[in-house]
Amino acid sequence: MNQEMIRRRARQKEFAQTIPRHYCSSCLTMVYEADAACLDCLVSRPTDSWADIRDCLDPFLGRTLDGRYLITRRIGSGATGQVYRAVSFGVAREFAIKFIDVGDSSRSGGTRQRLEREIEAMSRLRNPHIVPFYEVFELYDQHLGVVMDYVPGRTLQDLIDVDGPLDVMRACGIVRQIGNGLHEAHEFGMIHRDVKPDNIMVELLPAGDDFVHILDFGIVRFAAAAQTSAGFVGTPLYASPEQVLGQDLDRRADIYALGGLFFFCLTGRAPFHADTVDEILKMQTKQAPPSLSEASDGMIENPDVQILVSELLSKSRSARPANLQEVVKQLGKIIHQTTKSAWDLSAQSNLHDKSRGKI
């Protein structure tokens, strides 16, 4: 167990004994007045002490839910709600809680029931790449709180924004894990509807491997049903043509979005870019995406990868792979072939060096 994990476990126990009354204004994390630095962002304590939680404008930071969960840090926000980290007073672990605005309180009961049905359906899944939900809280201020696993790591968006495009092997490995999780959900009749880099968490395991977690499964469909007016639901950069046109969706909408995600992993950009959302939506329905070779300035030359991405991003859903089991198998073959080619090149290099008396 690394030092950061030890510090976090110790802080969880402290939270269970005494609720802090201050917070770090740099990263919106709860801190104790005596803390010399924030344990999350490492910023030093201000000269005049930490900010008082009573002066915080965030509506959820520092709140306790049902006497069981303390909201300790704001993680981020998205189209379906605000996400926070929380500690449990009952078990020594952290959770993530997403707060969703359900609008008119007279409708919140039915909205909660719909979301609970989504969670019950999700509970049948056993895929480790899908982040599970546990329970729903109805709050007095027209919000529902959804409790789920807290996943350490970085979103795929943040990973590539900071580190740049991934090499083919790493990209294939990450996309294969996403496809594995989506496929199991599809087999149960579930569609994500918003597969995008911000909804993919990449955890770096101790041995150095990536482990992927898919976020917001079930919440996206629920959020669409809870809207008070009809309209486009999803993320324009990764929305399928049929989603843009408001047609009935099936698993192939997620398959198209996975193609956009694969393209992003390899090039560092989404397939389409424009100054306005309307332009992007029009491109999704009418314009062919650039080739991987073009978008990567010739860096992506693997023909199997180029063909697969092109198939995933087909405008016609009938031209895409019928299911993600096919895609996972193709990615496995690409990984195997790439690994074999690397070994063959290494072996040839060693033989060449031996023939020249270098080893």
Side-chain angles (χ1 to χ4, degrees), residues 153-179 194-202 204 208-210 212 234-241 244 254-316 319-321 324 326-346 348-349:
R154 294 192 284 174
T155 66
L156 187 58
Q157 182 73 53
D158 180 58
L159 174 66
I160 293 177
D161 282 347
V162 174
D163 297 345
L166 308 179
D167 61 61
V168 169
M169 282 285 286
R170 190 178 185 191
C172 285
I174 286 176
V175 173
R176 190 169 188 261
Q177 291 182 57
I178 299 169
D194 198 20
V195 178
K196 60 181 180 180
D198 280 324
N199 276 338
I200 304 298
M201 291 292 296
V202 181
L204 189 64
D209 292 336
D210 295 314
V212 166
T235 300
L237 290 173
Y238 300 94
S240 67
V244 172
D254 284 349
I255 291 174
Y256 181 92
L258 186 65
L261 205 68
F262 200 1
F263 190 101
F264 172 73
C265 286
L266 293 166
T267 67
R269 49 164 286 190
F272 299 108
H273 282 272
D275 293 332
T276 67
V277 170
D278 286 343
E279 289 179 276
I280 292 173
L281 295 178
K282 188 178 295 184
M283 288 177 174
Q284 293 285 24
T285 60
K286 298 183 179 300
Q287 184 172 318
S291 68
L292 272 178
S293 179
E294 176 187 349
S296 67
D297 294 326
M299 297 296 291
I300 307 298
E301 298 179 347
N302 187 308
D304 293 327
V305 172
Q306 294 184 26
I307 291 171
L308 179 56
V309 171
S310 178
E311 291 175 348
L312 294 173
L313 288 173
S314 296
K315 297 298 180 190
S316 170
R320 297 171 210 152
L324 283 170
E326 297 178 15
V327 177
V328 168
K329 287 181 179 179
Q330 289 184 57
L331 288 166
K333 289 179 181 178
I334 292 170
I335 292 171
H336 173 73
Q337 290 168 357
T338 304
T339 303
K340 184 177 182 300
S341 296
W343 276 105
D344 289 344
L345 284 173
S346 177
Q348 290 174 13
S349 177

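All residue numbers refer to positions in the sequence shown, counting from 1. We use all heavy atoms of the structure for the numbers below, so side chains are in, but hydrogens, waters and symmetry mates are not.
The two residues L258 and G179 make their nearest non-hydrogen contact at CD2-CA, 4.2 Å. Of all heavy-atom pairs spanning V244 and A239, the tightest one is CG2-CB, 4.0 Å. When all heavy atoms of P271 and P289 are compared, the closest pair comes out as CB-CB, 4.1 Å.
Atoms CG and CG, on D254 and L312 in that order, are 12.0 Å from each other to the nearest 0.5 Å. Residue I178 holds its CD1 atom at 6.0 Å from SG of C265, rounded to the nearest 0.5 Å. The distance from the CZ atom of F262 to the CG atom of L313 is 10.5 Å, given to the nearest 0.5 Å. Here L261 contributes atom CG and L156 contributes atom CG; the two are 5.5 Å apart, rounded to the nearest 0.5 Å.
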Step-by-step side chain to side chain contact (heavy atoms under 4.5 Å, CB included) determination, I255 to E326: CA-CA 11 Å; I255 291 174; E326 297 178 15; over 6 Å; no

Steps toward side chain to side chain contact (heavy atoms under 4.5 Å, CB included) verdict (F263, L292): CA-CA 7 Å; F263 190 101; L292 272 178; 3.8 Å; yes

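Partners of D209 according to the salt bridge (charged side-chain N to carboxylate O under 4.0 Å, His left out) rule, which considers only residues two or more places apart in sequence or in another chain, do not exist here. Contacts of T155 classified as side chain to side chain contact (heavy atoms under 4.5 Å, CB included), with partners at least two apart in sequence or in another chain: Q157, D158, D198, M201. Every residue two or more places apart in sequence or in another chain was checked for a side chain to side chain contact (heavy atoms under 4.5 Å, CB included) with A288, and none qualifies.
Side-chain contact between R320 and S240 is present, with at least one heavy-atom pair separated by less than 4.5 Å. Proximity of Y238 to P197: side-chain heavy atoms (C-beta onward) are separated by under 4.5 Å at one or more points. Counting heavy atoms from C-beta outward, P290 and R269 have side chains that approach closer than 4.5 Å.
Residue pairs meeting the side-chain hydrogen bond (donor to acceptor under 3.5 Å, both in side chains) criterion with at least one member in residues 284-298, sequence neighbours excluded, are Y256-Q284.
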Side-chain donor-acceptor distances from residues 168-176 under 3.5 Å, at least two apart:
unit_1	atom_1	unit_2	atom_2	d
R170	NE	D210	OD2	2.7
R170	NH2	D210	OD1	2.9
R176	NE	V328	O	3.2

Side-chain atoms of residues 300-309: list all donor-acceptor pairs with protein atoms under 3.5 Å, sequence neighbours left out, distances to 0.1 Å.
unit_1	atom_1	unit_2	atom_2	d
N302	OD1	D304	N	3.0
N302	OD1	V305	N	3.2
Q306	NE2	I300	O	2.9

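Side chain of Q177 to main chain of V212: a donor-acceptor pair is present (N/O by atom type, distance under 3.5 Å, no hydrogens or angles).
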